Amino acid sequence: MNYDYRLVGRRVGILSLFLLALASFASCKGGHASVSGGEGKEVPTKYAENLSIVEHEDFTEVTVRNPWDTVKILQKYILVPSEQELPTNLPQGTVVRIPVTNALVYSTVHNSLISELGAIDAIGGVCNAKYVNEGEVKERLKSGKIVDCGVSMSPDLEKIIKLRPQVIMLSPFENNDKYAKVGELGIPIIECADYMETSALGRAEWVRFYGMLFGKTDVSEKMFADTEKRYMDLKEKAKKATSRPKVLIDQRYGQVWNVPGGESTIAGLIRDAGGINPFDGYRQSGSVPLAPEKVLAEAYDADIWFVRYNQDKEKSLQELGSDAPVNSQFKAYKEGNVYGCNTRYIDFYEETPFHPDRLLEDMLHYMHPEMKDSVATHNYYTKMK
């Protein structure tokens with residue numbers, strides 16, 4: 001079943017008809033199947049709690065657990081090699097033909113990872129293009145080889161329809177009403193819930209799933225194995241530290257300060273680096289929005305402060321103090337133990353989610369001065385002047 005998508009043109013008034021047509025197209029291609037499959041071989045995950053993988057003879061079944069309601073399933077994907085006919089014994093789930101060769105990728109985190117896996121040719125479009133730091137992705141955006149599909153909160157549907165991606169990769173949020181109009185396009189949505197894992201290695205392990213999607217299983221398995229080994233070696237080294245500093249992360253944005261919940265990947269990194277997260281009492285994965293005054297009350301005595309920001313010039317201590325009245329009242333500020341990361345120029349968000357060992361090394365270097373000679377730094381953070 002084929003449709004002439006050129007008819008869409010700029011006639012926004014009939015866009016809904018094409019949404020229905022595209023959904024029909026996806027179903028004709030096997031977008032969903034409902035026949036029960038047999039038993040398969042489980043591929044054990046070591047750290048990821050929201051991901052399970054079962055290999056069958058003709059397909060691979062990947063289940064994403066709902067991180068906000070862990071007794072429920074967020075998505076189930078049925079990965080079927082594109083060179084074979086669609087099996088008749090598929091279980092219920094969203095069918096994705098692999099390797100994916102044309103994806104719309106919402107986040108810079110994932111387009112950088114796909115590029116690192118050696119599958120940059122599979123990135124057909126991106127959202128939030130202004131935040132892209134990865135060099136080759138930037139160049140392809142400039143040349144038009146990669147399509148800029150607008151901002152993720154309100155993407156350009158006409159461009160997406162013209163692109164005809166095999167999948168849309170995006171980070172899910174609780175109660176997101178299935179992505180509004182994009183969810184009506186009938187294109188399989190890969191819900192990248194890796195950021196909701198409760199450990200840094202748990203998030204990094206999702207690279208194994210992404211490697212399967214893009215036909216880079218061998219590359220992704222080696223990447224994760226190398227990351228795990230280095231991370232565990234650094235974690236062991238942290239146990240020899242002579243101090244346990246209290247660590248503050250970031251600062252107020254708008255009216256709230258998003259602090260790392262006790263079950264978040266950042267909280268785990270702080271602990272693995274031999275530090276204390278002042279907000280471990282909030283048993284949440286992801287971040288916890290608090291009033292700045294509440295943060296000050298609970299973390300006024302933080303020994304070290306890591307601040308991520310995005311601006312043209314490097315942030316100074318004086319500027320940080322003027323950003324909000326509470327900032328200059330923290331112990332770390334008063335003693336000059338503040339380290340900044342300007343994400344406009346540093347590939348922090350692109351690298352650290354799937355290479356947490358690099359961030360752990362940076363944190364060890366700054367949190368434990370006695371280890372500076374034996375622990376290198378990747379210079380994500382530098383001391384704020």
Side-chain angles (χ1 to χ4, degrees), residues 99-173 176 179 182 185 187 189-195 203-204 206-207 209-211 213-214 216 219-220 223 227 250 253 258 265 287 307-315 340-356 358-359 362 378-382:
V100 170
T101 58
N102 183 19
L104 169 58
V105 186
Y106 271 35
S107 76
T108 60
V109 171
H110 297 103
N111 65 50
S112 292
L113 175 65
I114 294 166
S115 178
E116 185 177 359
L117 288 173
I120 192 171
D121 288 341
I123 304 175
V126 301
C127 284
N128 305 316
K130 71 177 182 178
Y131 297 114
V132 170
N133 278 347
E134 206 282 330
E136 190 169 357
V137 175
K138 264 187 173 181
E139 288 301 315
R140 292 185 179 213
L141 274 165
K142 287 180 183 178
S143 68
K145 194 170 184 178
I146 291 177
V147 179
D148 179 355
C149 292
V151 297
S152 58
M153 297 303 292
S154 56
D156 189 320
L157 296 182
E158 289 191 42
K159 284 186 177 181
I160 295 174
I161 290 171
K162 186 176 180 180
L163 179 64
R164 293 177 64 179
Q166 290 169 268
V167 299
I168 297 174
M169 298 181 66
L170 50 77
S171 298
F173 296 94
N176 58 13
Y179 322 110
V182 172
L185 291 176
I187 301 169
I189 292 177
I190 306 300
E191 302 201 58
C192 303
D194 49 78
Y195 78 100
R203 183 179 193 181
W206 276 64
V207 73
F209 170 37
Y210 301 137
L213 279 176
F214 292 95
K216 299 293 182 179
V219 178
S220 63
M223 183 187 299
T227 296
D250 293 334
Y253 290 98
N258 290 304
T265 57
S287 59
V307 182
R308 293 171 292 188
Y309 61 93
N310 185 303
Q311 60 187 49
D312 287 334
K313 296 181 180 180
E314 299 302 303
K315 189 181 288 292
C341 175
N342 190 347
T343 59
R344 182 164 300 188
Y345 306 109
I346 302 295
D347 292 339
F348 182 95
Y349 295 113
E350 292 81 3
E351 294 180 1
T352 61
F354 298 100
H355 295 287
R358 299 176 186 176
L359 178 54
D362 236 29
H378 284 274
N379 290 319
Y380 293 124
Y381 289 97
T382 53

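Values below: all heavy atoms of this structure, side chains included; hydrogens, waters and symmetry mates excluded. Numbering starts at 1 and runs along the sequence shown. Nothing here was measured: the structure is a model prediction, and the numbers come from that model.
Considering only heavy atoms from C-beta on, Arg203 comes within 4.5 Å of Val109 through its side chain. With contacts defined as side-chain heavy-atom distances shorter than 4.5 Å, the pair Ile187/Leu104 does not qualify. Between Ile160 and Pro155, some side-chain heavy-atom pair lies under the 4.5 Å cut-off.
Residue Ile346 holds its CD1 atom at 7.5 Å from OG1 of Thr382, rounded to the nearest 0.5 Å. Separation of atoms CZ (Arg344) and NZ (Lys130) is listed at 9.0 Å; rounding is to 0.5 Å. Here the NE2 atom belonging to His110 is positioned 10.5 Å from the CG atom belonging to Leu213, to the nearest 0.5 angstrom. In this structure, CG on Asp121 lies 9.0 Å from CD1 on Ile146, to the nearest 0.5 angstrom. Expressed to the nearest 0.5 Å, how far CD1 of Ile114 lies from CE of Met169 amounts to 4.5 Å. Summarising the geometry, atom CG belonging to Asn342 is positioned 5.0 Å from atom CD belonging to Glu314; distances are rounded to the nearest 0.5 Å.
Formation of a donor-acceptor pair under 3.5 Å by the Tyr210 side chain with backbone atoms of Leu113 is not found in this model. Side-chain atoms of Asp148 never come within 3.5 Å of backbone atoms of Leu141 as a donor-acceptor pair (strictly under, hydrogens ignored). Remark: side-chain polar atoms of Asn128 are paired, donor with acceptor, to backbone N or O of Ser152 under 3.5 angstrom. Thr227 contributes a side-chain N or O that, together with a main-chain N or O of Met223, makes up a donor-acceptor pair within less than 3.5 Å.
Considering every non-hydrogen atom in both Thr343 and Asn133, the closest pair reads O-ND2, 3.2 Å. The shortest heavy-atom contact between Ile123 and Asn111 is CD1-O, 3.6 Å. Counting all heavy atoms, side chain and backbone alike, Gly124 lies closest to Asn102 at CA-OD1, 3.3 Å. Shown here for Arg308 and Tyr253, the closest heavy-atom pair between the two residues is O-OH, 2.6 Å. Taking every heavy atom of both residues into account, Pro99 and Phe214 meet most closely at CB-C, 3.6 Å.
Not counting sequence neighbours, Lys216 has no partner by the salt bridge (charged side-chain N to carboxylate O under 4.0 Å, His left out) test. With sequence neighbours excluded, the residues that form a ring-ring contact (aromatic ring centres under 6.0 Å, His included) with Phe348 are Tyr380, Tyr381.
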Please walk me through it: do Asp250 and Asn258 pass side chain to side chain contact (heavy atoms under 4.5 Å, CB included)?
CA-CA 8 Å; Asp250 293 334; Asn258 290 304; over 6 Å; no
Take Tyr131 and Asn310, measure what side chain to side chain donor-acceptor pair (under 3.5 Å) needs, and give me the verdict at the end.
CA-CA 10 Å; Tyr131 297 114; Asn310 185 303; over 6 Å; no
For Val182 and Tyr106: C-alpha separation, side-chain torsions, deciding distance, then whether side chain to side chain contact (heavy atoms under 4.5 Å, CB included) applies.
CA-CA 12 Å; Val182 172; Tyr106 271 35; 3.5 Å; yes
Please report the C-alpha distance between Arg140 and Glu136 in whole Å, then the side-chain angles of each, then the deciding distance to 0.1 Å, and finally whether the salt bridge (charged side-chain N to carboxylate O under 4.0 Å, His left out) criterion is met.
CA-CA 6 Å; Arg140 292 185 179 213; Glu136 190 169 357; 3.0 Å; yes
Could you walk me through whether Thr101 and Gln166 pass side chain to side chain contact (heavy atoms under 4.5 Å, CB included), step by step?
CA-CA 7 Å; Thr101 58; Gln166 290 169 268; 2.8 Å; yes
Determine, stepwise, if the pair Ser220 / Leu117 fulfils side chain to side chain contact (heavy atoms under 4.5 Å, CB included).
CA-CA 7 Å; Ser220 63; Leu117 288 173; 3.9 Å; yes
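For Lys142, the NZ atom counts as loosely surrounded, since its 6.0 Å shell holds 12 or fewer non-hydrogen atoms of other residues, nucleotides or ligands.
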